[in-house]
2 protein chains.
Amino acid sequence: MATPESGATLESVATVAGVSRQTVSNVLNAPERVAPETRQRVEDAIRELRYRPNRSARSLRTRISRLIGYCIQPAPAGNLNPVLDRFVHAVTESAAAHGFHVLLFTAPTGSAGLDRYAELLAQRAVDGFVLADTVVADPRPGWLTEQGVPFVAFGRSWSGPDRGHWVDVDGAAGMTEAVEHLHAIGHRRIAFIGWPEGSGVGDDRVAGYTAACLRLGLDPRVVRAEGGAGTGRALAAALLDDAAEARPTALVCVSDESAYGALRALAERGLRPGEDVAVVGFDDTPAARLPGVDLTSLSQPIEQIGHESVLMLLGLLGVVELPPGPEHRLLRPSLVVRASSRPAVPPTEA
Amino acid sequence: MATPESGATLESVATVAGVSRQTVSNVLNAPERVAPETRQRVEDAIRELRYRPNRSARSLRTRISRLIGYCIQPAPAGNLNPVLDRFVHAVTESAAAHGFHVLLFTAPTGSAGLDRYAELLAQRAVDGFVLADTVVADPRPGWLTEQGVPFVAFGRSWSGPDRGHWVDVDGAAGMTEAVEHLHAIGHRRIAFIGWPEGSGVGDDRVAGYTAACLRLGLDPRVVRAEGGAGTGRALAAALLDDAAEARPTALVCVSDESAYGALRALAERGLRPGEDVAVVGFDDTPAARLPGVDLTSLSQPIEQIGHESVLMLLGLLGVVELPPGPEHRLLRPSLVVRASSRPAVPPTEA
DNA sequence: CTGAAAGCGCTTACAG
DNA sequence: CTGAAAGCGCTTACAG
């Protein structure tokens with residue numbers, strides 16, 4: 001009892017429809033060349049036999065695998081941010097709309113991992129790559145560009161020439177929006193809890209904060225340290241233990257993780273988030289909406305980033321028309337306001 | 001300037017090495033058939049040309065794609081549990097060790113999604129599937145079994161006949177361990193916060209709790225409701241508002257998410273986790289170790305599950321020897337003890 | 001141990 | 001509009 005899928009080939013469809021293999025292929029790839037009634041007969045046969053073109057045979061012939069390579073990194077232990085999960089899903093779904101699938105592989109970070117990319121290319125296993133987890137001085141964009149391999153990165157190159165196509169989130173614009181929101185609800189001493197200089201993403205976010213402060217006539221105040229929630233807690237503690245007249249009334253955090261630490265520092269001092277001190281994070285991680293957390297945060301348009309990355313890549317591959325516009329797309333995050341930044345003081349300007 | 005990868009074929013390697021294509025193929029697939037010095041010459045040529053067999057050509061000929069299908073579901077909004085992220089990574093890595101890659105696709109849940117599986121099969125795009133997100137009455141195991149398609153599921157079939165191979169976590173054993181841990185540190189009134197009956201996973205977990213209680217001579221007390229953190233908070237609130245002598249001193253929760261809700265209910269009553277009331281969750285989600293959370297939780301051996309799933313599948317495909325033993329593997333989660341269940345009362349038995 | 005031949009299932013110019 | 005032919009790059013019996 002063979003499975004219905006196992007049998008059908010172009011040949012068997014042709015036999016059933018009473019035409020040549022070529023005609024069946026035409027129905028699939030250039031239907032306008034085939035007379036309507038012939039086409040109908042062939043389509044009936046395809047349906048009856050549940051025929052699907054064999055992917056390997058098609059790839060061998062066309063030299064297109066219809067597979068997009070994606071390197072999956074292990075999520076760092078304790079990572080709160082399932083952003084890449086959503087990204088991969090969006091990429092997979094957008095790719096499917098054009099008959100593409102995603103081929104997953106693993107590789108060491110840095111240039112040690114380039115071999116895996118090279119290997120997939122040599123095998124002609126993929127047509128191009130979608131890159132995520134891009135970091136400062138990432139070797140991949142330069143190398144892929146040199147090799148002439150189509151790719152789109154989620155995340156710009158933060159150092160060196162900006163090579164290749166990318167889609168990214170405008171962290172600076174997001175932070176500007178956060179500061180404007182806090183200013184609008186009455187805050188005047190707004191501090192920033194950040195990462196050390198040189199992280200690209202972190203620098204971008206603090207730049208948006210600083211620019212907004214200057215525009216609004218506020219004094220920027222930035223504290224920085226490496227790390228996650230523990231660090232955020234320590235940095236926030238130092239700020240909150242300031243003399244009352246200097247103490248910030250709002251904390252803008254480079255990530256939700258730092259913000260969780262800051263919330264903890266508030267709790268330890270009996271300060272109520274939103275009432276006594278406002279807190280804003282970045283990433284809108286799932287924990288932000290837990291009862292008792294209710295953290296205001298910037299949400300990244302992950303699905304859109306995935307979708308646009310795929311469209312750009314398919315454009316480079318010639319499968320769809322390359323979307324008009326530059327090689328780069330910068331998308332704005334959106335501020336999700338929760339209890340951690342509800343008006344403490346009535347707006348002074350309205 | 002062609003990329004070095006673009007050119008090499010079996011043919012060009014054969015020319016460089018001065019042998020026939022067949023001999024090159026033998027070096028790759030049956031090296032013992034080739035004389036050592038010939039083999040050396042061929043291997044040199046392969047290295048020099050950076051030759052890798054074309055995957056499509058190989059697949060077309062061998063009828064093996066060396067691709068494992070994996071359906072990626074969108075993480076439910078607000079999902080705290082990145083477990084599938086780690087699972088996919090483990091599967092990808094284990095597969096790579098045998099020259100396999102993972103093909104990602106999306107599909108609707110339920111029988112509506114079977115078409116996508118059928119399509120990949122008809123295209124011969126994959127050799128088999130690794131299933132995750134299995135649910136009660138999941139149509140996939142039965143259907144794949146009928147079709148004779150190799151697959152391994154992460155998660156057993158909770159209803160109907162147990163068809164096909166699977167690897168799963170022993171939730172009951174985990175909950176038993178949690179109860180024993182709480183009992184050992186002195187707790188005698190241990191309640192369970194669960195999901196409504198019929199979820200498979202939830203029923204398994206509560207069964208382990210109940211069994212442990214009975215064995216230890218404790219009264220099982222189970223409250224249930226649909227939902228996540230908000231529900232956990234409400235269920236915990238009801239328990240904590242009991243008369244003092246009936247109030248549980250420990251809460252075992254069906255998931256970390258319920259446990260976060262329970263922790264919130266404690267905080268709202270000025271109760272200290274671990275000191276006044278112990279709380280235990282399940283999944284060891286990243287948020288469990290946030291400062292101020294420190295939730296005791298059961299950690300699933302995800303990497304091992306991924307690894308064993310792949311080995312089983314490759315066994316079914318005849319690529320490796322099928323691991324001895326049954327078609328099913330049940331792995332124990334491990335209890336990670338944190339501050340939410342540190343001894344409140346000195347152990348009464350030691 | 002090595003080589004010539006067939007064929008996996010498809011697509012793409014090219015005649016008719 | 002339709003069909004016969006070539007060929008994508010590989011592996012696998014089969015002779016020598």
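Below, chains carry the letters A, B, ... as their sequence lines are ordered, and counting in each starts from 1. Here the structure is a predicted model, which means the values were calculated and not measured.
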Problem - Flag for A:Thr134-A:Asp138: side-chain donor and acceptor within less than 3.5 Å - result: no
Exercise for the section: Look at B:Ser56 and D:dC8 and indicate whether a side-chain polar atom (N or O) is within less than 4.0 Å of OP1 or OP2. Expected result: no
Practice task
Please report, rounded to the nearest Å, how far the P atom of C:dG9 is from the CZ atom of A:Arg58.
Solution key: 15 Å
Problem - Residues B:Arg41, B:Asp44: salt bridge by 4.0 Å N-O rule - result: no
Practice task
State whether A:Asn54 places a side-chain N or O below 4.0 Å from either non-bridging phosphate oxygen (OP1 or OP2) of C:dC10.
Solution key: no
Practice task
Have a look at B:Glu119 and tell me which of A:Arg55, A:Arg50, A:Arg52 forms a salt bridge (charged side-chain N to carboxylate O under 4.0 Å, His left out) with it.
Solution key: A:Arg52
Problem - For B:Gln123, side chain to side chain donor-acceptor pair (under 3.5 Å) partners two or more places apart - result: none
Completion exercise
Of the listed D:dT11, D:dG3, C:dC10, the closest approach to the A:Val19 side chain comes from D:dG3
Handout entry: Upstream residue (5' side of DNA chain C) when B:Thr62 and B:Val34 are each assigned their closest nucleotide
Key = B:Val34
Handout entry: Touch class at under 4.0 angstrom, heavy-atom based, for A:Ser59 against every strand present
Key = nothing
Problem - Protein-nucleotide distance (B:Arg124, atom CZ; D:dC10, atom P), rounded to Å - result: 21 Å
Exercise for the section: Pick base, sugar-phosphate or nothing for B:Glu32, based on heavy-atom distances below 4.0 Å to the nucleic acid. Expected result: sugar-phosphate
Practice task
Report yes if at least one side-chain N or O of A:Ser25 is closer than 4.0 Å to OP1 or OP2 of C:dC10; otherwise report no.
Solution key: no
Practice task
Could you tell me whether the phosphate oxygens of C:dC8, OP1 or OP2, come under 4.0 Å of any side-chain nitrogen or oxygen in B:Arg63?
Solution key: no
Handout entry: B:Asn26 CG - D:dG9 P separation (whole Å)
Key = 20 Å
Fill in the blank from the handout: Of D:dT2, C:dC8, D:dG3, the nucleotide closest to the side chain of A:Ala35 is D:dT2
Fill in the blank from the handout: Between CZ of B:Arg55 and C1' of D:dC8 the distance, given in whole Å, is 17 Å
Practice task
For B:Arg21 and D:dT12, give me the distance from atom CZ to atom P, rounded to whole Å.
Solution key: 14 Å
Practice task
Measure from CD on A:Gln22 to C1' on C:dC14 and round the result to the nearest Å.
Solution key: 10 Å
Problem - Side-chain N,O (A:Thr23) to OP1/OP2 (D:dG3) below 4.0 Å - result: yes
Practice task
For side-chain contact (heavy atoms from CB on, under 4.5 Å), just list the numbers for B:Val102 and A:Leu103, CA-CA rounded to whole Å, side-chain angles, deciding distance to a tenth of an Å, and then say yes or no.
Solution key: CA-CA 6 Å; B:Val102 172; A:Leu103 180 145; over 6 Å; no
Practice task
Would you check if the side chain of A:Arg124 reaches a backbone N or O of A:Ile64 as a donor-acceptor pair within less than 3.5 Å?
Solution key: no
Handout entry: Distance, rounded to the nearest Å, where A:Arg66 contributes CZ and C:dG9 contributes P
Key = 19 Å
Exercise for the section: For B:Ser59, check side chain to side chain donor-acceptor pair (under 3.5 Å) against everything at least two apart and list the hits. Expected result: none
Practice task
Compare the minimum distances between each of C:dG9, D:dT11, D:dC10 and the side chain of B:Asn29, then state the nucleotide with the smallest one.
Solution key: D:dT11
Problem - A:His328 atom NE2, neighbour heavy-atom count above 12 within 6.0 Å - result: yes
Problem - Involving DNA chain D, stems made of at least three consecutive Watson-Crick or G-U pairs, both distances under 3.5 Å - result: C:1-3 with D:14-16, C:5-12 with D:5-12, C:14-16 with D:1-3
Completion exercise
Between CD of B:Gln40 and C1' of C:dC1 the distance, given in whole Å, is 17 Å
